[in-house]
2 protein chains.
Amino acid sequence: MPAPSEVAQRAHRRLSDYLSRHGLKQTRQRDAILESFLDTDGHITSEELYERVRREHPEMGSATVYRTLKLFCEAGIANAHHFRDGVTLYEREGHHHEHLICTDCGAIVEFESELVEQEQDRVAKSRGFDLVGHRHILYGVCVRSDCPRRPEAP
Amino acid sequence: MPAPSEVAQRAHRRLSDYLSRHGLKQTRQRDAILESFLDTDGHITSEELYERVRREHPEMGSATVYRTLKLFCEAGIANAHHFRDGVTLYEREGHHHEHLICTDCGAIVEFESELVEQEQDRVAKSRGFDLVGHRHILYGVCVRSDCPRRPEAP
DNA sequence: AGAGGTATTGATTTTCATTCTCATTACGGA
DNA sequence: TCCGTAATGAGAATGAAAATCAATACCTCT
């Protein structure tokens, strides 16, 4: 296996912290799932991750992956998205960014904007809120010539 | 039939247009559902709307409401949201706004920002997208001691 | 107005992601 | 190593949304 990146190490540490701080246990499954998850770019569903983990650990149950991904969110290692109904997409917590989604082909492009960031703080504050997170999604039609039409709306 | 507001009339017209333009039919169910839907403030699930419509039209089927709400979205009368997984919330299309949600009490406050609006256009364009819509959600904790459960616009 | 072709409906079933249940197993502190 | 408890895996349960399908309602044409 490749050298443990700095980011990966941080994630492992964060999980350990969270577990011990909450009287939970460190298990081989949680480690395995974290390993696979960290090895992922972009977004992934629980089911997809399950398939991946399964290749290395055939005895793994899908319910465990669901449970663990939820745990990761609570531990600040992952983030859950509900871009479309019926599926939860997870991605690594870290460099935070927003999403630009093609309503035709479903392509997801990431972006960030310091300007929007500041404006969000301003708005939340003015409404008497302590901002703890946000989600900013743009829907558009991408110019890709191959954009294979696939149904999905906001 | 109550006084037809300007907004309601526009919605009815938009539905008629969409139907005829797509070779679809005008039915009493669609009218009834639109009526109830327009009578709604804030967000509503298909199931909730079904219950409401049902009071006036006991013969209505829930599948019809699902289908119709989807139709409304395509016709530009409604918008679908997936704030949490597993449920689709619909709201009237119209004055467009973003949402600020309290993670503690679930209160939903609406806001808009011209500045963010412009920035969105800029970002989408720079990525080769034709912007057709967006969703901007802020999550925070409202600092009021009574944390009012009031999904209302300012 | 009447007929016919098709979209629509309502009841029901099906799908499918996610959660729950529970007996069994694995952690981890003492 | 022992024990109490959290965790796991398999399968059942849940629930929103979609799909089926026979019966019905619309609409267009005559």
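Model, not experiment: these values are computed from the prediction.
B/L49 is not listed as a side-chain neighbour of B/T45, based on a closest heavy-atom distance of 4.5 Å or more. Within the 4.5 Å cutoff, side-chain heavy atoms of A/R30 are placed close to those of A/L19. The closest side-chain heavy-atom distance from A/R135 to A/E98 is not below 4.5 Å.
Residues A/E74 and A/H22 have side chains that never bring a donor and an acceptor to within less than 3.5 angstrom of each other. A side-chain donor from one of B/H97 and B/E110 sits under 3.5 Å from a side-chain acceptor of the other.
Between the CZ atom of B/R54 and the C1' atom of C/dT9 there is a distance of 15 Å, given to the nearest Å. Rounded to whole Å, atom C1' of C/dT9 lies 14 Å from atom CG of B/L71. When rounded to the nearest whole Å, the span between CD1 of A/I44 and C1' of C/dA17 equals 15 Å.
Taking the C1' atoms of five terminal pairs at each end of the helix from C/dA1-D/dT30 to C/dA30-D/dT1, the two resulting helix axes are inclined by 40°, rounded to 10°.
Remark: B/R21 CZ is packed, more than 12 non-hydrogen atoms of other residues, nucleotides or ligands lying under 6.0 Å away.
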What string of B, S and - do you get for nucleotides 5-18 of chain D, 5' to 3', if B is base contact, S is sugar-phosphate-only contact and - is no contact with any protein heavy atom under 4.0 Å?
BSSBBB-----SBS

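Rounding to the nearest 0.5 Å gives a distance of 7.5 Å between CG of B/D31 and OG of B/S16.
In this structure, B/D130 does not pair ionically with B/K125, as no charged nitrogen and carboxylate oxygen lie closer than 4.0 Å.
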